[in-house]
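First comes the structure, then the notes that go with it.
In what follows, every chain begins at residue 1, and chains take the letters A, B, ... in the order their sequences are listed. Small disclaimer: the values here were computed from a predicted structure and weren't measured.
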Amino acid sequence: MYLSKLFLPIIREEPKDAETISHKLMIKAGLIRQISSGIYTFLPLGFKILKKVENVIREEMNNIGAQELFMPALLPREPWDETGRWDLYGDELFKLKDRRERDFCLGPTHEEIITMIVKNTIKSYKNLPLLLYQIQTKYRDEIRPRFGIIRSREFLMKDLYSFDESWESLDETYKKIFEAYKKIFDRFDLKYYIVEADSGAIGGKISHEFVAESEIGECEFVICPNCGYAANIEAAKCKEIEENILDDGELTLIHTPDMKKVEEVKNFLNVNEDRLLKSILYIADDEPILVLVRGDDEVNEIKLKNYLKAKNLRLADENEIEKYTEAPLGFAGPIGFKGKIIGDLRIKYLKNGVCGANKKDYHYKGVSFERDLKVDEITDLRKVKDKDLCPKCGEKMNMKIGIELGHTFQLGTKYSESMSAFFQDSNGELKPFIMGCYGIGLGRIIAATIEQNNDTKGIIWTKSLRPYDVIIIPVSVDDEIYKKGEELYNKIKSFGYDVVFEDRDISPGEKFKDADLIGIPYKLILGKTFINEGLIEVKRRRDDKVFKMKEEEIINFLKGELNES
RNA sequence: CGGGAUAUGGCCCAGUUUGGUAGGGCGCUUGGUUCGGGACCAAGAGGUCGCGGGUUCAAAUCCCGCUAUCCCGACCA
């Protein structure tokens, strides 16, 4: 490729609408252009890299016997009604109508569609397990698109679906895919964590997220430096912390006018947050439930929902609070509360604490757990925090964020049952498929790679994503040098390397800057070294190391370098 | 959806307080010089100042409404 012919709009200025490194660099280096919020065009260079991502994933999918297919993005409403997701998915689903006013949506994921296809095709256990995947554009109307292509509304995803005859067989399938995923992220030279994720109240048992190490990102998780336990914040468990706080006090009703929030009560009474008891009223499938956590903790609603096995869980509104606690918002408490009360493990150690009195403008102080509270159930309900104890080994865990690259999920029969997708087992009995689904965000792999590999000059591509192997830069416009460059270009190309020839009539500095920005791993520089010594300089992007060599040594050098790193 | 900010040539911005001929840098075109880390000189092309309304002799600038984009938060198989 002659650089003058490449559609490569490089920008010198910092793009004003980009904050994160990968977003800025992708725009500056001419990889992407924004079209609308969360919607991007991949320009030729970006698209070339995207294709590389795609091919690595495709290879590893094919290696485990998964078969590629291609489903539409424009989908009719009916299958979504069968599983209830037309409504459950909510505003995140892009909905539209055709000219006859029929409802359609743009697919955010394809469980319904794949199930529809398989149920009408596979009737026997003899055809299982079955692995089907596609690499296709997904649409999600995200509340807040962010970080360039990391959270966008249209994005390319590899989604794989598995169909098994039993849970045991699914376990094996899952393991196989899990290993393929590790291979994929290893091939991209990404630093990543494998994190336990929430599997939801219905169906699945196991779910994992593959999270790229990064300063930015939206996946919050904890990791134990001792045993390696890692879990998404939504799913993270923690060990009970045994702690002794103060002696019992005398239970007293105190006037706390207008003190509704933990912060206000804390300041008013001059006590620490950990001495307060937060009482939060939830409505779980129409039943009011008072949830107790310590003042400095927060309720993890997913844990709560899973524990209660509730289909619907939400915070009570103000009217419901008045109705059930007989006091306005801010004064709910367990003492005298008539409904079900469940508490977090940590409140067991509460002594001489403070809680709402179910009476406007009043709290109790001197509250002790054992003496004063009647709690129906105690379990782990709080949102894990930095330095909480590991549920496996008891060490202090660290909180981290990162970029979620992939998610694997055992679904079980959630979709097969609601859509009546059955096969006949070896006894001739009808059974629902045991399913799994597994996704990888392709754009995020590019963004995460850039987040992990860059310097002030630009992107430093890793092995499997580099858009080109080598760029040939004739430094001066000297005719002989230019011709030599062109000759070298043809020669190296003939050995199968992906080469760019810098043929633009611009200053040397700009040639170097551009090559560094787009991150080409090796620059072959023809200039004064060549004129004076007859040698060609090879400069490595990764560390700026310069190697001078004769022309005939170049191919061997490249062979060694490019294959190894 | 709450809070904050922005919108002026392809890109980055100044001009708005105090209304009076729309500016700079980068990029682009042409000619010349230059050529080892974002060169220089000269001449050019390119703008409904986000959109709609209002005030005024006169609006990028003042007033009202709307939209888009970004950031923080809430939300998120």
Nearest listed nucleotide, side chain of A/Ile143, among B/U8, B/C1, B/G38: B/C1
Pick the nucleotide of RNA chain B nearest each of A/Lys511 and A/Leu517; which residue has the one closer to the 5' end? A/Lys511
Do NZ/NE/NH1/NH2 and the carboxylate oxygens of A/Lys5 and A/Asp503 come within less than 4.0 Å? no
Have a look at A/Asp514 and say if it touches a base, only the backbone sugar-phosphate, or nothing, with a 4.0 Å heavy-atom cut-off. base
Quickly work out the A/Lys24 NZ to B/C11 C1' distance and round it to whole Å. 15 Å
As a quick check of understanding, evaluate salt bridge (charged side-chain N to carboxylate O under 4.0 Å, His left out) for A/Lys303 and A/Asp380, giving each step before the final call. CA-CA 8 Å; A/Lys303 279 186 190 174; A/Asp380 172 27; 3.0 Å; yes
Look at A/Ser36 and B/A68 and indicate whether a side-chain polar atom (N or O) is within less than 4.0 Å of OP1 or OP2. no
Assign A/Lys28 to base, sugar-phosphate, or nothing according to its heavy-atom contacts below 4.0 angstrom with the strands shown. nothing
Verify whether one side chain among A/Ser418 and A/Glu82 offers a donor that lies under 3.5 Å from an acceptor in the other. no
Taking B/C71 as the reference, what is the distance to B/C28 when you measure between their C1' atoms (whole Å, please)? 33 Å
Using the C1' atom on both, measure B/G52 against B/A59 and round to a whole Å. 15 Å
salt_bridge(A/Lys483, A/Glu486) N-O dist < 4.0 Å: no
Complementary nucleotide for B/U67 - Watson-Crick or wobble, under 3.5 Å: B/A7
Restricting both atoms to N or O, compile the protein contacts to nucleotides 23-28 of chain B shorter than 3.5 Å, with distance only.
unit_1, atom_1, unit_2, atom_2, d
B/G25, N2, A/Glu13, OE2, 3.1

Could you measure between the two C1' atoms, the one in B/G25 and the one in B/A68, and give it in whole Å? 26 Å
Could you walk me through whether A/Tyr468 and A/Met1 satisfy the side-chain contact (heavy atoms from CB on, under 4.5 Å) test, starting with their C-alpha distance in whole Å, then the side-chain angles of each, then the deciding distance to 0.1 Å, before giving a yes or no? CA-CA 10 Å; A/Tyr468 294 97; A/Met1 176 55 89; 4.0 Å; yes
Once you apply a heavy-atom cut-off of 4.0 Å, does A/Glu537 come out as touching a base, just sugar-phosphate, or nothing? base
It should be established whether A/Arg33 places a side-chain nitrogen or oxygen under 4.0 Å from OP1 or OP2 of nucleotide B/C11. no
Over all strands shown, is A/Thr529 touching base, sugar-phosphate only, or nothing at heavy-atom distances under 4.0 angstrom? base
Return yes if the base of B/G37 and the side-chain atoms of A/Lys457 contain a donor-acceptor N/O pair under 3.5 Å, otherwise no. no
With heavy atoms under 4.0 Å as the rule, sort A/Gln34 into base, sugar-phosphate or nothing. sugar-phosphate
Under 4.0 Å between any heavy atoms, over every strand shown, what does A/Ile525 touch: base, sugar-phosphate, or nothing? Just pick one. base
To the nearest angstrom, how far is A/Glu14 atom CD from B/G38 atom C1'? 14 Å
Phosphate oxygens OP1/OP2 of B/A39: is one of them under 4.0 Å from a side-chain N or O of A/Ser507? yes
Calculate the interatomic distance between A/Ile35 atom CD1 and B/A68 atom P; express it in whole Å. 16 Å
Tell me the interatomic distance from A/Phe512, atom CZ, to B/G38, atom C1', rounded to whole angstroms. 12 Å
Contact class for A/Asp478 vs. all strands (heavy atom < 4.0 Å): base, sugar-phosphate, or nothing? nothing
Using the P atom in both, what is the distance from B/A74 to B/C40, to the nearest Å? 48 Å
Just the rounded figure in Å: distance from P of B/G73 to CZ of A/Arg144. 7 Å
Closest to the 5' end of RNA chain B, once A/Lys528 and A/Ile11 are matched to their nearest nucleotides, is A/Ile11
Salt bridge or not between A/Glu320 and A/Arg314? Use side-chain N to carboxylate O under 4.0 Å. yes
